[in-house]
Amino acid sequence: MAQLTVEGGLPCSIRHSAGNAITRLRTLRRCRSQCGARAQNWRHFHQCIYPNTTRTAFAQPINLGIECFTPDGRYLLAFSVNAASHEAQLEVLCRRNIASATCFEEAFVVKHQVLLQQPIHTVQRDLLLFPPDTPFVIIATREQLLGPVLLDDNRQSLKGLKIRMKVRFLVINYVTNDVVDQLVFDNDHIVLGAGLGVTFKGGHLAITSLRYQELRLYHLRQDGLLTHAVTIGQHCLPDDGMVLEQTRHPDRAARSQQAPSQPVGLASLSQHLRTASTSPFTESSMLTGFQQKMMTCLYQQALTSNTLRSFYFHFEDYLQLVLWQASLINHRLVVFKLGASNLLLKCRNEGNPWHSSTLNVPGMLCYFAFYDFTTGTMLAVLDNSNKQLLETYQASAELFQSRPPYRHGTGHRTASDSRWYNEHFEEMLIYLLTSRNGGYNQAIRRSLSMYLPTIAAPSAVCSPLLDRDLYSFDAKAVIKQRHTTTDLVKFQSRQRQRMTFSLDPNPSPIEGLDPSLRRRTTFCFHPFLPLVLTIQMVATRQGQRVHVNVHYHTS
């Protein structure tokens, strides 16, 4: 039994049991600190200082797409089309005097531009990763490849996945206007929407490949270069290739050296692995290294809980599990979401391949595998009906988020410390319990299917105006794009129990525009200043018109 020391100096024993994996997750929680005078003053400041003035109807350039502010609040990032090469470029804008500006170009001045050498339609605009305490931003481009599916003889791939794409990841220094590094994956299938297949945490960039059923981890150095750390999939450890080669040719391995003896239980498991007839991969004669670790962990859990009969009964079902999604918990732990291969193929081949919700199927049976990639240890494999796992998520939701929590002056305030977050979570459970085809087990299954791993927009910048402990507001109207004609969003103070301010993207009629036309509204919040941009995109017969309103505070 190996011993590890986790954050905070707490020893943790690694066993193949669900209880120890849950305990390990709980020990990784951040230390809760009481909100002192600094945090209270910060909250009082943002309850009194909020956007109370609107600078209306800035005509935005038609080829400019505003995305978000940088975490330090100094720059505004936007995508546009280069006039000479007609390729996409990243524009870094600086804020100027908004009150005296007469057009958008005077309010936000272009500092520099970074040419991406890709068409604008290939840029994944909802995926902008900001490594903390660095001047870098990671963006992605994807291009669908046509023609027959090309197979690599040296790599196992998922059978039946028809869509192929070429994905590029660029590391850009938005201060010095440099493309520091890039990664290119050809003939692959990576889900980029809403951070479903790409996450960044603990200095590591995690990329999930559905075609090759593997998780690629890259370490971001201080100079912005990405170095390959480990690939979890066909091979999990450096010597996995040699072990699998010996398994393919047992006679050759027996001649080279004497094979070590195995326990009786593991020998029966190996016999089942050799005689397994079905596999979702192109090379059906051999399981991947990740699958073998998963099956071994399931066997150890069944052996501990005296449920070996159930394990062998569902043996073929376990072999059909494929990787749906993966997310980093910290600098050493990864949680994998596993499900049926036929459902994955149906979602990706028949649905929209660029849409992120095609992998979020609440209520379906799926499994979560917790893996320590520093030691190559599978901690536990749990299904989505585990009550203890749901309680752990509710108590430590910040560990599963793909972006760091808001920390400007509020200490170590996290989602699980918030009273309003816990109340919302309990209301969601009550709704699932009382809904059609509900029940206690179905409520747990649907909750874990929706929340694990967390599907959070990694490009969203947290703002004190979005603090649920300060204000009550319609989160769907603020975070997601809406197609409406009335987009007034009200922010009600929790302490005063009254409306403090509101954001109206259409405070006055736009000249030459029918007010009854449906429009798409996007909100862009500054990370710490009382500054909000509302971008309205209206489709007319003459073309698309874009207008920007700036909401800011004046004394």
Side-chain angles (χ1 to χ4, degrees), residues 71 90 114 116 118 123-124 126-143 152 154-155 157 165-174 178-238 240-241 288-290 323-337 369-377 399-404 453-454 456 458-459:
L90 178 67
V114 182
L116 304 181
Q118 290 290 323
V123 178
Q124 191 70 26
D126 60 345
L127 180 65
L128 284 87
L129 301 176
F130 294 96
D133 303 325
T134 62
F136 304 118
V137 58
I138 302 177
I139 66 175
T141 63
R142 82 283 185 276
E143 179 182 359
D152 191 351
N154 298 323
R155 302 174 67 183
S157 59
M165 61 183 72
K166 181 178 181 180
V167 183
R168 296 176 60 204
F169 293 93
L170 304 176
V171 182
I172 299 176
N173 190 328
Y174 55 81
D178 294 329
V179 179
V180 183
D181 200 358
Q182 68 174 344
L183 299 174
V184 180
F185 301 101
D186 201 355
N187 191 29
D188 210 331
H189 191 106
I190 301 173
V191 184
L192 300 177
L196 240 172
V198 182
T199 57
F200 186 92
K201 184 177 286 189
H204 288 88
L205 177 66
I207 303 173
T208 306
S209 172
L210 295 184
R211 172 167 294 279
Y212 297 107
Q213 289 291 293
E214 60 186 16
L215 177 67
R216 304 156 187 161
L217 292 175
Y218 294 86
H219 176 68
L220 181 67
R221 301 183 347 189
Q222 294 183 354
D223 55 0
L225 297 179
L226 291 170
T227 58
H228 181 262
V230 66
T231 298
I232 306 171
Q234 185 173 0
H235 298 160
C236 298
L237 295 176
D240 279 357
T288 64
F290 179 79
L323 176 62
W324 280 11
Q325 185 186 354
S327 178
L328 287 170
I329 297 179
N330 62 354
H331 63 283
R332 62 189 309 172
L333 291 182
V334 185
V335 53
F336 293 91
K337 185 176 182 180
F370 296 89
Y371 184 82
D372 189 343
F373 62 86
T374 59
T375 60
T377 306
L399 293 177
F400 301 95
Q401 292 180 351
S402 58
R403 66 170 183 263
T454 302
S459 59

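What you are looking at is a predicted structure, and each value in this text was computed from that prediction instead of being measured. Position 1 is the first residue of the sequence, and the numbers go up from there.
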key: Step-by-step ring-ring contact (aromatic ring centres under 6.0 Å, His included) determination, F336 to F290   = CA-CA 11 Å; F336 293 91; F290 179 79; 4.7 Å; yes
task = Keeping the roles fixed (side chain from Q213, backbone from L323), state whether a donor-acceptor pair exists under 3.5 Å.
result = yes
note = Output for pair (K201 NZ, I329 CD1), nearest 0.5 Å, gives 7.5 Å
query = If you take all heavy atoms of F136 and N173, which pair is closest and at what distance?
reply = CE2-ND2, 3.6 Å
Identified side chain to side chain contact (heavy atoms under 4.5 Å, CB included) partner of R168 from the options I139, V184, V123, D186 = V184
remark   = When rounded to the nearest 0.5 Å, the distance separating CG of L170 from CG of D181 is 9.0 Å
remark   = What one should report as the nearest heavy-atom pair of R142 and L192 is CB-CD1, 3.8 Å
task = For Y371 and G376, work out which heavy atoms get closest and say how close.
result = OH-CA, 3.2 Å
request  = Give a yes or no on whether the backbone of H204 and the side-chain of H331 come within a donor-acceptor separation of less than 3.5 Å.
outcome  = no
inquiry  = Restricting to side-chain hydrogen bond (donor to acceptor under 3.5 Å, both in side chains), what partner residues turn up for D178, sequence neighbours left out?
reply    = T176
task = Quick one: closest heavy-atom pair of Y174 and T134, and the distance?
result = OH-O, 3.7 Å
note = Residues N187 and Y212: closest non-hydrogen pair is O-OH, 3.3 Å
remark   = In short, L215 meets A326 closest at the heavy-atom pair CD1-CB, 3.9 Å
inquiry  = Working to the nearest 0.5 angstrom, can you tell me the gap between R332 CZ and T374 OG1?
reply    = 4.0 Å
request  = Compare all side-chain heavy atoms of L220 with those of F200 and state whether any distance is below 4.5 angstrom.
outcome  = yes
ask   = Can you tell me how far CG of L217 sits from OG1 of T231, rounded to the nearest 0.5 angstrom?
value = 7.5 Å
request  = Kindly indicate, with the supporting measurements, whether the criterion side-chain contact (heavy atoms from CB on, under 4.5 Å) is fulfilled by V198 and I138.
outcome  = CA-CA 11 Å; V198 182; I138 302 177; over 6 Å; no
ask   = Should the pair D188-R216 be classified as a salt bridge under the 4.0 Å nitrogen-to-oxygen rule?
value = yes
Side chain proximity check, F185 to I207, heavy atoms < 4.5 angstrom = yes
inquiry  = With rounding to the nearest 0.5 angstrom, report the CD to NZ distance, Q118 to K166.
reply    = 7.0 Å
message = Rounded to the nearest 0.5 Å, what separates atom CD1 in I232 from atom OG1 in T208?
response = 9.5 Å
Heavy-atom check, side chain of L328 versus side chain of F373, under 4.5 Å = yes
